[in-house]
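Predicted model only: the values in this text are computed from it and were never measured. Convention: sequence-line order gives letters A, B, ...; per-chain numbering from 1.
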2 protein chains.
Amino acid sequence: MERSPGSEIEIFRDFIKRKGLRYTQEREIILREVFNIHDHFDVDELYLRLRNKGYKVSKASIYRTLPLLIECGLVQEVYHEDGHMHYEHIYGHEPHAHFRCLSCRRVEEFSDDRLEEVAREYAERYGVEVKMTRFEILGYCSACRGREG
Amino acid sequence: MERSPGSEIEIFRDFIKRKGLRYTQEREIILREVFNIHDHFDVDELYLRLRNKGYKVSKASIYRTLPLLIECGLVQEVYHEDGHMHYEHIYGHEPHAHFRCLSCRRVEEFSDDRLEEVAREYAERYGVEVKMTRFEILGYCSACRGREG
DNA sequence: CAAGGTATTGAAAAGCTTTCTCAACAAAGG
DNA sequence: CCTTTGTTGAGAAAGCTTTTCAATACCTTG
């Protein structure tokens with residue numbers, strides 16, 4: 001059992017402080033909700049979930065907070081579809097890749113150690129610092145394949 | 001030496017015909033220019049290049065044609081940045097992945113057979129049909145790493 | 001613990017990219 | 001060559017995301 005380096009809240013708070021920013025209620029509310037969503041989400045869904053829970057957080061604040069959550073490694077952009085970005089929280093989860101069906105739009109997750117290996121080796125060979133990786137397979141799931149092509 | 005299955009123009013024409021669409025001058029002009037750009041491009045750059053060469057093709061036509069080029073496998077969406085999508089032509093090129101520096105925004109290409117392997121195995125295991133894959137490493141290049149973090 | 005300096009917030013406006021509308025045009029078959 | 005019908009271009013419209021600015025709240029200092 002490994003010692004966790006801290007909850008997402010501690011990490012975010014530390015990050016905010018280290019940057020000389022202010023740890024506001026809105027930022028924490030957004031962070032908490034992001035980690036309550038155990039699936040991909042977009043700004044609109046996050047906004048509506050907060051409103052439904054009675055929180056009055058503006059979309060502007062969401063748009064301002066997401067880049068911070070990404071910068072400190074808690075959240076990741078997953079894919080851009082239907083004219084807007086889709087996100088997921090990644091802290092506490094194993095690295096994983098995505099399969100997206102171009103027909104029914106279903107998204108499946110999977111993981112494969114070779115992907116991190118490739119990134120690690122690239123980093124070593126070219127002296128870059130890896131912040132994150134993204135692997136996507138686009139195609140047709142077995143169900144959609146059967147229905148047509 | 002392998003026999004090429006046809007030029008991008010033949011492929012596109014066949015694809016258009018097979019779908020019962022019309023092979024127009026605009027579509028071919030756009031296709032030709034896409035294959036003249038040996039780098040990533042966005043809609044604006046493509047549009048300006050065509051205008052500078054004296055072609056009068058509207059942005060609407062570019063926005064309508066790109067999905068067709070993608071559907072027939074000649075072009076790929078590479079990444080979404082600065083509020084818009086970036087593309088590249090892929091026909092005739094080996095599959096490759098991208099490293100993007102989060103600081104200077106430089107993009108490097110590299111390839112690794114393991115990536116296709118991962119996709120192939122996923123496809124086999126789950127019975128999906130792979131249309132394309134995308135692997136991205138985001139981080140800081142060696143130069144930007146030295147300058148700061 | 002009060003006060004001041006200043007980053008942050010919300011609401012609305014603005015900025016952009018991408019899509020849609022519709023009349024004029026052109027591809028393709030007969 | 002004529003007809004049919006998909007396509008084009010220009011501008012309007014539709015989003016998503018960012019910016020603006022006055023009011024607010026964080027947080028440091030005294």
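- The separation between A:Tyr55 atom OH and C:dT9 atom P is 16 Å, rounded to whole Å.
- In this structure, the side chain of B:His84 engages the main chain of B:Asp82 through a donor-acceptor pair within 3.5 Å.
- Rounded to an integer number of Å, the gap from A:Tyr47 OH to D:dG15 C1' is 16 Å.
- Axis angle between the ends of the helix from C:dC1-D:dG30 to C:dG30-D:dC1, five pairs each and rounded to 10 degrees, works out to 40°.
- Between the C1' atom of C:dT19 and the NE2 atom of A:His80 lies a distance of 13 Å, rounded to the nearest Å.
- Rounded to whole Å, atom C1' of D:dC16 lies 16 Å from atom OH of A:Tyr79.
- Listed by residue number, A:Ser58, A:Ala60, A:Ser61, A:Arg64 are the residues of residues 58-67 of chain A with a heavy-atom contact under 4.0 Å to DNA chain C.
- Computed from coordinates, the B:Lys56 NZ to C:dA24 C1' distance equals 16 Å when rounded to whole Å.
- Of the residues in residues 15-32 of chain B, those lying under 4.0 Å from DNA chain C by heavy-atom distance are B:Lys17, B:Arg22, B:Tyr23, B:Gln25.
- Within the 4.5 Å cutoff, the side chain of B:Met85 has heavy atoms near those of the B:Tyr87 side chain.
- Salt bridge absent: B:Glu136 and B:Arg134 never bring a charged side-chain N and a carboxylate O closer than 4.0 Å.
- A donor-acceptor pair is defined here as one N or O able to donate and one able to accept, closer than 3.5 Å; such a pair exists between the side chain of A:Arg145 and the backbone of B:Gly127.
- A straight line from CE of A:Met85 to C1' of C:dC16 spans 15 Å, rounded to a whole angstrom.
- Taking atom CZ of residue A:Phe12 and atom C1' of nucleotide C:dT8, one finds them 12 Å apart after rounding to whole Å.
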**Request:** Evaluate the criterion side chain to side chain contact (heavy atoms under 4.5 Å, CB included) for residue pair B:Thr65 and B:Leu31; output intermediate values, then yes/no.
**Result:** CA-CA 8 Å; B:Thr65 302; B:Leu31 168 66; over 6 Å; no
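- Annotation: side chain of A:Asn36 is in contact with side chain of A:Lys53 (closest heavy-atom distance under 4.5 Å).
- In this structure, the side chains of B:Glu109 and B:His93 stay at 4.5 Å or more apart for every pair of heavy atoms.
- Taking the centre of each ring, A:Tyr122 and B:Phe99 come in below the 6.0 Å mark.
- Using a cutoff of 4.0 Å between basic side-chain nitrogens and carboxylate oxygens, B:Arg32 and B:Glu28 are scored as salt-bridged.
- In this structure, A:Glu71 pairs ionically with A:Lys19, as a charged nitrogen and a carboxylate oxygen lie closer than 4.0 Å.
- As rounded to whole Å, 15 Å separates atom C1' of C:dT19 from atom NE2 of A:His84.
- Cation-pi geometry between B:Arg27 and B:Phe12 is not met: the NZ or CZ atom fails to fall both under 6.0 Å from the ring centre and inside 45° of the normal.
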